[in-house]
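For reference, the structure is listed below as structure tokens.
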Amino acid sequence: MILVTGGAGYIGSHTCVELLNAGKDVVVLDNFSNSSRTSLERVQQICRKRLAVVDGDIRDQTMVEKVLNEFGCTAVIHFAGLKSVFDSVTSPLDYYDNNVIGTHRLLRAMQASHVKRIIFSSSATVYGDPKFLPYTEDHPLKPVNPYGQTKFVVEEMLRDLSASDSTWSIGILRYFNPIGAHESGLIGEDPKGVPNNLLPFVAQVAVGRRDRLNVFGGDYDTPDGTGVRDYIHVVDLAQGHVAALASLEQPACIAVNLGTGRGYSVLEVVKAFENASGKPVPYEIRPRRSGDIASCYAATDRAEKYLGGWRAKRNLETMCKDHWRWQSQNPNGYDG
Ligand code: NAD
Ligand code: WQD
């Protein structure tokens with residue numbers, strides 16, 4: 001039995017699909033602070049299999065211990081957390097509380113229950129300004145915002161834990177920019193309020209919920225002047241977790257990038273989305289967004305080496321097509 005914290009969220013729900021399809025039993029623990037119960041109904045509809053759901057908070061150590069013991073969990077995939085860079089700057093204590101204290105309580109509960117296998121959702125944001133590209137896993141870690149700091153602190157906590165007790169198996173997965181949706185169009189990203197991230201914003205423009213995209217910066221040192229990112233299909237990302245679970249049979253603590261290794265500019269994404277959707281995406285070049293960097297993409301060799309040959313397979317066209325299918329079938333998200 002695998003405990004998936006934050007399993008109702010964007011990446012968690014797609015990972016539940018891949019886990020169920022791989023024949024795993026799953027229990028989701030989520031407080032639904034940034035997700036809908038409907039996502040988990042859809043996961044079960046896609047897989048025609050059941051999963052268990054517990055409505056609770058990872059900071060409730062006693063409850064987490066009870067869940068680990070009652071369900072006989074052997075590993076945890078830990079997605080639960082807050083993820084907005086913008087909110088983390090205005091409410092840093094909420095971010096340290098949820099992400100750092102939350103993970104600390106979860107690890108305590110795991111230790112007490114003798115469950116010592118965890119996969120943690122980290123982020124490329126831990127690298128900070130690039131000293132070189134692509135980012136290899138041994139690039140210096142220097143996050144530039146509170147959200148990134150919380151991911152860095154948790155990574156350090158995990159490395160210290162592994163150094164103190166070599167029986168832990170710890171996979172730290174550093175995601176680049178996940179986009180897209182399950183090919184069924186039944187699950188996808190459903191941000192609350194105005195989206196901070198590019199793809200949900202572009203998709204909401206295409207579906208008519210917003211007038212135009214603001215492109216943050218047209219004067220970067222990139223081929224067309226707009227920011228370049230390593231977008232990865234969320235299903236590839238989810239499959240990376242199943243691969244990581246299998247390759248984490250042996251005790252270790254390892255950080256691995258999950259990206260494609262290839263960057264696309266904002267304008268390339270806009271064009272690809274217009275092609276995939278058949279809808280125009282009007283945009284305006286605006287000033288740079290504070291804290292943004294010009295380019296960000298992953299070195300992928302370590303993932304291929306340590307995740308049993310896993311690599312991202314889906315291209316930008318598929319990412320946009322799948323994102324659009326989800327958006328057009330669910331124009332107002334799960335509960336709209
Ligand atoms: P999401 O917000 O869709 O999912 C997170 C889930 O965790 C939600 O269902 C939320 O309700 C739940 N949650 C939050 N705090 C909780 C708590 N204290 N107890 C129980 N449940 C709680 O986010 P996502 O995009 O699926 O991201 C999943 C993880 O991956 C996060 O840790 C995020 O920081 C990390 N990550 C995301 C991205 C990205 O671009 N989406 C990139 C890098 C890393
Ligand atoms: C991508 C590009 C923007 C919105 C963030 C987090 C990172 C990770 C993934 C969690 C940039 C441009 C965006 C818009 C735009 N999340 N853009 N107009 O900033 O690379 O990464 O999400 O861990 O930690 O920082 O992703 O999607 O916000 O931006 O022009 O309305 O799109 O400037 O070049 P980012 P993003």
Side-chain angles (χ1 to χ4, degrees), residues 4-15 28-37 39-40 54-60 63-64 77-86 88 94-95 97-99 101-103 105-106 120-128 143-145 147-148 150-151 154 173-179 187-192 194-202 204-205 210 212-218 220 222 226-232 234 237-238 241 258-259 263-267 269-270 283-297:
V4 181
T5 74
Y10 174 45
I11 304 171
S13 56
H14 288 82
T15 302
V28 166
L29 172 62
D30 204 301
N31 66 3
F32 300 99
S33 57
N34 195 38
S35 53
S36 160
R37 283 166 182 76
S39 69
L40 294 174
V54 177
D55 185 341
D57 197 296
I58 53 164
R59 288 165 290 190
D60 182 347
M63 178 275 299
V64 177
I77 305 185
H78 176 34
F79 295 105
L82 303 178
K83 64 166 179 176
S84 160
V85 171
F86 182 81
S88 79
D94 289 348
Y95 274 69
D97 190 26
N98 221 303
N99 295 1
I101 295 176
T103 306
R105 299 252 167 87
L106 171 69
F120 170 62
S121 300
S122 190
S123 167
T125 199
V126 294
Y127 294 121
V144 296
N145 55 63
Y147 166 71
T150 65
K151 292 291 176 190
V154 170
L173 302 184
R174 295 182 183 145
Y175 314 153
F176 280 67
N177 290 60
I179 63 169
I187 56 173
E189 187 169 12
D190 181 18
K192 294 194 160 92
V194 182
N196 292 318
N197 295 118
L198 180 64
L199 253 288
F201 205 107
V202 166
Q204 291 190 8
V205 173
R210 304 192 186 274
R212 66 165 54 74
L213 170 74
N214 292 321
V215 174
F216 299 135
Y220 284 109
T222 59
T226 64
V228 167
R229 296 291 183 274
D230 185 341
Y231 298 95
I232 175 169
V234 66
L237 195 72
H241 289 72
L258 292 187
Y264 287 97
S265 74
V266 175
L267 295 185
V269 170
V270 167
Y283 67 85
E284 205 174 308
I285 305 280
R286 308 283 299 167
R288 293 181 180 192
R289 184 172 66 177
S290 142
D292 271 355
I293 54 179
S295 300
C296 168
Y297 47 95

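Just so you know, these numbers use all the heavy atoms, side chains as well, and skip hydrogens, waters and symmetry mates. All ligand and atom numbering here is 1-based and tracks the order in the structure.
Checked against a 3.5 angstrom limit, the closest N/O atoms of I58 and ligand 1 fall inside it. Looking at ligand 1, you won't find any N or O of S122 less than 3.5 Å from one of its N or O atoms. Not a single N or O atom of S123, backbone or side chain, sits closer than 3.5 Å to an N or O atom of ligand 1. Residue contacts with ligand 1: Y175 is placed with no nitrogen or oxygen under 3.5 Å of a nitrogen or oxygen of the ligand (distance criterion only). At least one N/O-N/O distance between I11 and ligand 1 falls below 3.5 Å. Residue P178 has no N or O atom closer than 3.5 Å to an N or O atom of ligand 1. Between L29 and ligand 1, a contact under 3.5 Å exists for no N or O pair.
Among T226, T125, N177, V266, the residue whose heavy atom lies closest to atom 35 (P) of ligand 2 is N177. Comparing G6, G148, A8 against atom 7 (O) of ligand 1, the shortest heavy-atom distance belongs to G6. Distances from atom 8 (C) of ligand 1 to the heavy atoms of D30, V54, T5 show the closest one on D30. Here atom 14 (C) of ligand 2 lies nearest to F216 when heavy atoms of F176, F216, Y147 are compared. Here atom 1 (P) of ligand 1 lies nearest to N34 when heavy atoms of N34, I77, V4 are compared. Within the set G81, G12, S88, the minimum heavy-atom distance to atom 5 (C) of ligand 1 is found for G81.
Regarding atom 29 (O) of ligand 2, its nearest protein heavy-atom neighbour is R289 NH2, 3.4 Å. Among protein heavy atoms, the minimum distance from atom 1 (C) of ligand 2 is reached at Y231 OH, 3.4 Å. Among protein heavy atoms, the minimum distance from atom 24 (P) of ligand 1 is reached at K83 NZ, 3.8 Å.
The proximity of V85 to ligand 2, defined as any non-hydrogen pair under 4.0 Å, is limited to the side chain. The proximity of Y264 to ligand 2, defined as any non-hydrogen pair under 4.0 Å, does not occur for either the backbone or the side chain.
Less than 4.0 angstrom separates some heavy atom of F32 from each of these atoms of ligand 1: 11 (O). Listed by number with element, the atoms of ligand 1 under 4.0 angstrom from any heavy atom of S121 are 29 (C), 30 (O), 32 (O), 35 (C). Every atom of ligand 1 is numbered from 1 in the order shown, and the set under 4.0 Å from a heavy atom of F79 is 28 (C), 29 (C), 31 (C), 32 (O).
Ligand 1 has no atom lying under 4.0 Å from any heavy atom of A124. Not a single heavy atom of G102 sits closer than 4.0 Å to an atom of ligand 1.
Judged by distance alone, the side chains of T103 and H78 do bring a donor and an acceptor atom under 3.5 Å apart. Residues S121 and Y175 bring a donor and an acceptor atom of their side chains to less than 3.5 Å of each other.
Crowding of F32 atom CZ: a count of heavy atoms from other residues, nucleotides or ligands under 6.0 Å exceeding 12.
A cation-pi arrangement is absent between R229 and Y297 under the rule of less than 6.0 angstrom and at most 45 degrees off the ring axis.
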